[in-house]
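Start at 1 and go down the list; that is how both ligands and their atoms are numbered.
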Amino acid sequence: MTEKRWLPETLFDDLGLRMTFAVDKVLYEQETEHQHLVLFEHKHFGKMLMLDGATQVTTRDEFVYHEMMTHVPILAHGRAKNVLIIGGGDCGIAEEVLKHKTLQSVVQVEIDASVVAFAKEHFPEFATPVFRDKRFESVIADGMKYVAETERRFDVIIVDSTDPQGPGAVLFTKEFYAACKRCMAAGGVMVTQNGVPFFQPDELVASVGLFKSLFADAACYVAAIPTYIGGHMAMGWAAKDRKLRRHPVRTIAARYQKAGSFKTRYWTPEVHVAAFALPRFIAEHVKGAKKR
Ligand code: SAM
């Protein structure tokens with residue numbers, strides 16, 4: 001009887017914390033040009049993707065993160081036409097974004113071609129509808145280089161990145177956020193994967209400090225994703241229009257209806273507005289973040 005393999009999440013090793021997952025079956029494993037990629041079957045979470053020892057996406061809880069990183073900025077904006085996704089190679093974010101029929105273009109800039117190739121094979125529930133959609137454009141490039149050079153302008157920028165290590169580190173810098181501001185259209189907004197404040201407070205404080213020095217409005221909102229351990233996940237908010245995150249439930253509900261009331265499992269107009277009501281310890285991190 002072969003020993004069951006257990007795969008550790010090593011992201012919080014320096015905190016003396018490891019969550020391990022029993023592997024039912026390894027579906028795909030590769031050392032790519034940029035990172036170690038493993039996809040495996042887990043009895044509770046279904047398919048799980050890990051990059052460099054950090055859980056990226058699971059079929060069981062992906063809806064929380066993907067819905068909150070997409071419907072919140074797009075419906076807060078209310079008139080978005082062009083969306084940019086940085087990272088997001090598993091196509092889970094793009095799949096949710098493309099539910100908004102009023103959008104004209106969706107560009108995904110992913111650094112690792114292997115992640116997109118493997119998503120087509122192993123996450124067809126995301127990739128198939130996405131690559132069928134004529135509005136979708138897949139670019140394989142470093143997100144930093146793309147936002148620094150593109151002539152295009154985007155109403156909503158969604159940074160679905162790995163953590164600030166390896167290829168993802170540059171996506172948490174002032175240069176990157178300043179370049180995102182450069183290719184953001186007037187009245188635009190950017191949201192960022194910004195870690196779990198209980199374990200990664202410095203990451204949130206650093207990003208919000210940079211947002212404060214670059215954008216009219218700097219904040220974060222939260223959601224709880226079971227496999228992003230540590231309680232609330234923070235999604236960074238950097239906007240050129242201070243009104244965007246202050247719309248009441250009835251305004252968001254009306255926009256959702258106009259967008260066709262597509263099916264969601266986590267996001268609702270009430271959850272959208274409530275997500276900006278931060279627990280005090282997170283609100284203090286945001287308030288205390290110094291302009292950098
Ligand atoms: N939701 C996940 C999370 O919160 O950890 C992220 C999922 S997505 C798979 C992260 C993607 O960011 C990876 O595919 C990775 O290759 C990509 N990425 C990392 N650094 C990048 C960069 N500099 N430019 C573009 N994509 C990058």
Side-chain angles (χ1 to χ4, degrees), residues 9-12 19 28 30-39 45 47-70 84-97 107-120 122-123 126-127 130 137-150 157-173 175-177 179-180 183 190-197 199-200 203-204 207 220 222-230 232-236 266:
E9 164 118 50
T10 56
L11 190 60
F12 300 123
M19 183 148 90
Y28 186 96
Q30 181 195 0
E31 201 61 54
T32 79
E33 197 190 332
H34 301 278
Q35 50 213 340
H36 175 257
L37 185 160
V38 59
L39 176 78
F45 289 110
K47 284 180 287 188
M48 291 188 68
L49 168 66
M50 272 195 181
L51 292 172
D52 286 347
T55 304
Q56 301 295 307
V57 62
T58 84
T59 38
R60 187 82 188 272
D61 67 359
E62 57 82 19
F63 64 96
V64 183
Y65 173 81
H66 288 148
E67 290 181 14
M68 292 302 280
M69 283 285 278
T70 54
L84 172 64
I85 301 166
I86 300 292
D90 55 55
C91 297
I93 290 280
E95 193 253 342
E96 289 295 336
V97 167
V107 178
Q108 177 181 283
V109 180
E110 163 61 55
I111 197 169
D112 195 334
S114 314
V115 175
V116 178
F118 123 96
K120 285 181 179 172
H122 295 284
F123 279 110
F126 300 150
V130 163
E137 196 183 324
S138 171
V139 176
I140 301 299
D142 181 346
M144 177 70 238
K145 191 166 181 303
Y146 183 86
V147 291
E149 295 171 0
T150 184
I157 299 176
I158 301 171
V159 185
D160 177 28
S161 73
T162 42
D163 293 278
Q165 59 187 28
V170 70
L171 305 181
F172 292 77
T173 61
E175 293 67 36
F176 174 70
Y177 294 142
C180 285
C183 66
M190 170 176 71
V191 297
T192 58
Q193 183 276 97
N194 241 121
V196 175
F199 293 142
Q200 303 161 298
E203 187 182 310
L204 177 64
S207 292
C220 81
V222 293
I225 295 115
T227 50
Y228 297 167
I229 54 173
H232 297 90
M233 168 107 190
M235 285 158 256
Y266 188 90

**Q** Examine the proximity of ligand 1 to P167 and report which part, side chain or backbone, both or neither, has a heavy atom under 4.0 Å away.
**A** both
**Q** Compute the minimum heavy-atom distance from A54 to ligand 1 and say whether it is under 4.0 Å.
**A** no
**Q** Which atoms of ligand 1 have any heavy atom of D112 under 4.0 Å away?
**A** 16 (O)
**Q** Do D90 and Q56 have side-chain N/O donor and acceptor atoms under 3.5 Å apart?
**A** no
**Q** Quick one: does M144 get a heavy atom under 4.0 Å from ligand 1?
**A** no
**Q** Heavy-atom contacts with L171 under 4.0 Å: which atoms of ligand 1 show up? List them by number with element.
**A** 20 (N), 21 (C), 22 (C), 23 (N)
**Q** Does any N or O of ligand 1 fall below 3.5 Å from an N or O anywhere on G143, backbone included?
**A** yes
**Q** Does the side chain of H66 reach to within under 4.5 Å of the side chain of V57, using non-hydrogen atoms?
**A** yes
**Q** According to the interplanar angle, ranging from 0 to 90°, do the rings of F199 and F12 count as parallel (below 30°), tilted (30 to 60°) or perpendicular (above 60°)?
**A** tilted
**Q** Evaluate the side-chain contact (heavy atoms from CB on, under 4.5 Å) criterion for residues C183 and Y146: first the C-alpha distance (whole Å), next the side-chain angles of each, then the deciding distance (0.1 Å), finally the verdict.
**A** CA-CA 10 Å; C183 66; Y146 183 86; over 6 Å; no
**Q** At a 4.0 Å cut-off, with the gap strictly under it, does some heavy atom of M69 reach an atom of ligand 1?
**A** no
**Q** Work out whether the distance between some heavy atom of H34 and some atom of ligand 1 is less than 4.0 Å.
**A** no
**Q** Does Y146 come within less than 4.0 Å of ligand 1, judged by its heavy atoms?
**A** no
**Q** Which ligand 1 atoms does V109 reach within 4.0 Å, using its non-hydrogen atoms?
**A** 25 (C), 26 (N)
**Q** Y228 vs Y65 aromatic rings, parallel, tilted or perpendicular, using cut-offs 30° and 60°?
**A** perpendicular
**Q** Please check this pair: side chain of Q35 against backbone of L51, looking for a donor-acceptor N/O pair closer than 3.5 Å.
**A** no
**Q** With heavy atoms of D142 as the reference, note each atom of ligand 1 found under 4.0 Å away.
**A** 22 (C), 23 (N), 24 (N)
**Q** Considering the heavy atoms of D90, write down every atom of ligand 1 situated less than 4.0 Å from one of them.
**A** 7 (C), 8 (S), 9 (C)
**Q** Could you check whether the rings of F123 and F126 sit parallel, tilted or perpendicular, using 30° and 60° as the cut-offs?
**A** parallel
